[in-house]
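This report refers to the structure that appears directly beneath it.
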There are 2 protein chains.
Amino acid sequence: MPSGRPAIPLDRILSAALRIADEEGTQALTMRRLASELNSSTAMLYRHFESRADLVLQIVDYVFKEAELFALPFPQTDWRQACRSLARRMFAVLGQHRGVAQLLLEATPNGPHAMVLRERCLAMMLDNGFAPPLAARAYATLARFVLGFAIQVGRQDAAQSAAFHQLDRAAFPATYALADELPVPLEEEFAFGLDLMIAGLEAFTF
Amino acid sequence: MPSGRPAIPLDRILSAALRIADEEGTQALTMRRLASELNSSTAMLYRHFESRADLVLQIVDYVFKEAELFALPFPQTDWRQACRSLARRMFAVLGQHRGVAQLLLEATPNGPHAMVLRERCLAMMLDNGFAPPLAARAYATLARFVLGFAIQVGRQDAAQSAAFHQLDRAAFPATYALADELPVPLEEEFAFGLDLMIAGLEAFTF
DNA sequence: ACCTGAACACCGTTCAAGT
DNA sequence: ACCTGAACACCGTTCAAGT
């Protein structure tokens, strides 16, 4: 092929990387795998990214932009609903992209989209009468709560549910009695924990 | 050296592995590194562990045993204090051993110690009048909350705190106003979130 | 029986050499 | 200017060969 071949656009690299991470898991996202997916070489990738960690950073920002979390409408009338819907949306997005939550552990998102989202959320809390220290702690805690649960998506043992019914009833009476309720699906744990935290926040806002 | 040299005891391997993971991070815990720490070879490790994942599993169980979480006294008079102290202890243990929380993501702990701990916690909740579905959800959610936060220990950017004071005040008024409160230390986020969840649980227990 | 050295098939990263 | 093939220093895992 002659000399006029264009450089591979960044968007195409990132979407290919995201697809690999989602479909085959984070560990399958290697520089060689990504390069071969693009019919190119690993050295070419180092023209776009300083390192594998840098690639990860750019993928995270790409997802934030794709999800347009920052564009969520905030019904300022009720901070409970605003917090609930934002947290759920964020959890859903991170859960959908398996690899991204794990990547988020390595680098806190300080890209432009994440900053706008934080600003809008903090402003909403202040508008609703949250004292400044409470707003800061509430936002930080909720954000970390979402990430902490999102990172655990898809890690449940399938074989675990049957084990609770085969326990020694005498040694584990309480666990045996709750065998029908265990294990709790992660999504339900998330929703329940979120409701508990919002209910707990009520006590701080009069 | 003659033939009588004994096999390396499992405890010595696991404690060496834990020390490497704690001091140098999970990524430094390679089979070669661990083998050379023991003045041995990688092939020898495969006599004790089926794979690296299996090594990880045994390290997790080793920590549970070391921490003796299952031996915590439960003051059955107050479920709030019992939940609070157990969650804090667990968080502290996991936070202290940097690598272990990360390893816990890969394999839910179903070792004997984890099972005893779960039994005692569920029994305590039932004794305090929790309805069975509530006890199951409360325990599952609290356990996952602890792990979700513990896994984020030690991942904070040191350079981040200064950034909040250098923001464009017009574009980010709320964030700028809260610059003194941000970022919230992870330990404080954990304690605050735990208090919120326990406060939220009050509503379910009359 | 237990361990070793060396091999196999991978990684991330770099760089002289091509067009 | 942009890309490539090949190299370097690593991985986890396996296995014939030693004692």
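Computed over heavy atoms, backbone and side chain alike; hydrogens, waters and symmetry mates excluded. Naming convention: chains lettered A, B, ... in sequence-line order (proteins, then strands); numbering from 1 in each chain.
- Using a 4.0 Å heavy-atom distance criterion, S40(B) is classed as a sugar-phosphate-only contact.
- Taking the six-membered ring where the residue is Trp, the centroids of F190(A) and F145(A) are separated by under 6.0 Å.
- Using a 4.0 Å heavy-atom cutoff across all strands shown, T42(B) reaches at least one base atom of the nucleic acid.
- Base pairing analysis places dT4(D) opposite dA16(C); the two distances defining the Watson-Crick or G-U wobble pair are each below 3.5 Å.
- Look at E24(B) and R19(B) and you find no salt bridge, because none of the NZ, NE, NH1 or NH2 atoms lies under 4.0 Å from a carboxylate O.
- Heavy-atom distances to DNA chain C give each of R33(A) and E50(A) a nearest nucleotide, and the one nearer the 5′ end belongs to R33(A).
- dA9(C) makes up no base pair with any nucleotide shown, lacking Watson-Crick or G-U wobble contacts both under 3.5 Å.
- For the residue pair E119(A) and T175(B), a side-chain donor N or O sits within less than 3.5 Å of a side-chain acceptor on the partner.
- Between the CZ atom of R47(B) and the P atom of dT14(D) there is a distance of 13 Å, rounded to whole Å.
- Comparing A28(A) and A43(A) along DNA chain C, the residue whose closest nucleotide (by nearest heavy atom) sits nearer the 5' end is A28(A).
- dG12(D) atom C1' lies 11 Å from atom CG of L45(B), rounded to whole Å.
- Rounding to whole angstrom units, CE of residue M44(B) and P of dT14(D) are separated by 15 Å.
- Distance I13(B) CD1 to dC3(C) P: 8 Å, rounded to the nearest Å.
- Checking dT13(C), dC11(D), dT13(D) against the side-chain heavy atoms of Y46(A) singles out dT13(C) as nearest.
- Among the heavy atoms of the strands lying under 4.0 Å from S41(B) is at least one base atom, whether or not backbone atoms are also near.
- dT13(D) atom C1' lies 14 Å from atom CG of L55(B), rounded to whole Å.
- Taking the side chain as every heavy atom from C-beta outward, C83(B) and M197(B) never approach each other to under 4.5 Å.
- We find that CZ of R52(B) is positioned 8 Å from P of dT13(D), with the value rounded to whole Å.
- In this structure, of dT4(C), dT14(C), dC8(C), it is dC8(C) that holds the atom nearest to the side chain of R32(B).
- Closest heavy-atom contact between M90(A) and V146(A): CG-CG1, 3.7 Å.
- Here dG12(C) presents its C1' atom at 12 Å from CD of Q27(B), a figure rounded to the nearest Å.
- Spacing between atom CG of L34(B) and atom C1' of dC3(C) amounts to 15 Å, rounded to whole angstrom units.
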